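Please read the structure below before turning to the comments.
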Protein chains: 2
Amino acid sequence: MPRAGLDRATVVAAAAELADERGFGQVTMSLVAERLGVRTPSLYKHIDSLAELHQDLATLAATELGDALRDATQGYAGRDALAAAARAMRSYLTGHPGRYAATIGIFTGPELGAASARVIESLAAVLRGYRIAPADRTHALRTLRSTLHGFATIQNAAGFQWNADTDQSFEWLIDFLDRGLAQKSLSSKPI
Amino acid sequence: MPRAGLDRATVVAAAAELADERGFGQVTMSLVAERLGVRTPSLYKHIDSLAELHQDLATLAATELGDALRDATQGYAGRDALAAAARAMRSYLTGHPGRYAATIGIFTGPELGAASARVIESLAAVLRGYRIAPADRTHALRTLRSTLHGFATIQNAAGFQWNADTDQSFEWLIDFLDRGLAQKSLSSKPI
DNA sequence: AGGGTTGGCTAATAGGCTTAGCTTATAGCT
DNA sequence: AGCTATAAGCTAAGCCTATTAGCCAACCCT
């Protein structure tokens with residue numbers, strides 16, 4: 001009986017596909033094993049537990065998202081960078097809903113920290129183009145992150161009716177953020 | 001052997017307490033039954049399935065949150081209403097993290113629809129004070145909802161380090177939203 | 001008091017995660 | 001090529017959760 005030639009990366013990749021196709025909740029040891037043509041216990045040669053698999057999946061997603069953000073904003077600044085980042089984020093979400101869902105609620109943890117830090121860093125880079133006062137930077141970053149993440153989460157959960165104008169709303173949101181941030185770029189007045 | 005005198009509402013209430021104390025993920029038939037001093041199968045006399053219990057919990061949370069928003073914004077308009085709504089939302093989140101988590105990702109469904117519609121309606125009422133152009137109203141509402149929900153979600157997942165200045169960031173966010181919406185209140189220029 | 005309803009119970013099934021221990025494919029060495 | 005040590009995948013088994021079936025007694029109503 002030949003071996004399947006599995007690998008930690010292979011297993012996580014299968015989990016990622018499963019998450020996107022059937023939802024994060026369907027990422028189970030049984031279904032991942034089935035997809036790989038292997039018996040469930042075999043997975044434990046590569047991964048310690050389901051929780052760890054979920055963590056690894058979240059790390060993978062955060063890494064991919066971080067790369068996408070970095071690539072998309074490369075060479076842009078100000079409003080262009082903001083729009084590029086926002087669209088890249090939403091593009092990743094719609095293309096990989098299950099992976100994105102994996103990152104939600106698991107922003108803690110040691111390994112994921114490094115990966116999600118890159119996402120944050122990309123957003124911070126976008127903000128740099130707006131020359132926000134130092135005292136406001138953390139607040140602005142959190143606001144940006146909250147807004148994009150919130151839109152993504154709600155859309156992911158089908159909270160908006162999936163009309164065509166969801167796209168319009170997103171563009172409106174980008175515009176709203178841009179104007180607000182631009183206004184903050186000179187007045188360094190704190191709270 | 002006397003009866004426990006359970007009730008659909010009682011069961012959901014127990015689930016809600018459990019969610020807040022130990023996290024939404026710990027809302028399981030076993031733990032709810034244990035908390036009520038009852039054997040697991042007994043719950044099925046009141047609830048059809050775990051999924052339905054989760055739905056009911058989400059509906060309860062959405063209803064409570066809707067009430068809190070309505071009460072908080074009563075009699076206010078403009079910036080005051082916005083601040084009151086935002087703070088009420090965050091207050092509910094910190095007071096009932098598990099219930100709030102229950103509403104995430106379950107914005108679909110028939111019964112929850114009515115409850116969550118009241119939350120949306122309260123936010124729409126806040127926006128009315130800003131006299132947004134009709135063409136922009138849906139977009140503004142989605143932006144507001146995304147932002148508040150995103151902040152709540154990230155904080156709930158401990159995505160920000162829980163510093164004291166998370167409060168400051170939230171106030172900054174309110175200010176940011178207020179200025180942006182105020183700017184939209186006259187210029188009815190669409191995208 | 002008596003009778004029907006129904007709430008809670010025990011027993012049992014199915015399915016998911018996980019561990020233990022076996023077997024043998026496979027890589028690496030000689 | 002043959003030998004050996006490692007480790008990949010397997011079966012068997014335990015535990016836990018959700019769920020169903022069927023029993024029995026507590027409660028409500030008259």
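Since the model is a prediction, treat every value here as computed from it, not as a measurement. So you know, we letter chains A, B, ... as the sequences are listed, proteins then strands, and number each from 1.
With sequence neighbours excluded, the residues forming a side chain to side chain donor-acceptor pair (under 3.5 Å) with A:Glu52 are A:Arg8, listed by chain and number. Residues meeting the side chain to side chain donor-acceptor pair (under 3.5 Å) test with A:Arg22, sequence neighbours left out: none. Contacts of A:Ala4 classified as side chain to side chain contact (heavy atoms under 4.5 Å, CB included), with partners at least two apart in sequence or in another chain: A:Leu6, A:Val38. Legend: residues meeting salt bridge (charged side-chain N to carboxylate O under 4.0 Å, His left out) with B:Asp20, ordered by chain and number and at least two apart, are B:Arg99.
OP1 or OP2 of D:dC16 has not a single side-chain nitrogen or oxygen of B:Ser30 nearer than 4.0 Å.
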Just list the side-chain donor-acceptor pairs under 3.5 Å for residues 118-125 of chain A, sequence neighbours left out, or say none.
from, atom 1, to, atom 2, distance (Å)
A:Arg118, NH2, A:Asp67, OD1, 2.3
A:Glu121, OE2, A:Arg128, NH2, 2.7
A:Ser122, OG, A:Arg118, O, 3.4

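Computed from coordinates, the A:Met29 CE to C:dT18 P distance equals 5 Å when rounded to whole Å. For the pair A:Gln26 CD and C:dG15 P, the interatomic distance rounds to 14 Å; values are reported in whole Å. A straight line from CZ of B:Arg3 to P of D:dC24 spans 15 Å, rounded to a whole angstrom.
Here B:Phe170 and A:His139 keep their ring centres 6.0 angstrom or further from each other.
Distance from the side chain of A:Leu50 is smallest to C:dC17 among C:dC17, D:dT19, D:dA25.
Sorted by first and then second residue, the side-chain hydrogen bond (donor to acceptor under 3.5 Å, both in side chains) pairs involving residues 24-40 of chain A (not counting sequence neighbours) are A:Glu17-A:Arg35, A:Glu21-A:Arg35. Among pairs with a residue in residues 66-89 of chain B, none fulfils ring-ring contact (aromatic ring centres under 6.0 Å, His included), at least two apart in sequence or across chains.
Interface residues of residues 4-22 of chain B facing DNA chain C, ordered by number: B:Ala4, B:Gly5, B:Leu6; criterion, heavy-atom separation under 4.0 Å. Near DNA chain D, defined here as any heavy-atom distance below 4.0 Å, the residues from residues 33-48 of chain B are B:Thr40, B:Pro41, B:Tyr44, listed numerically.
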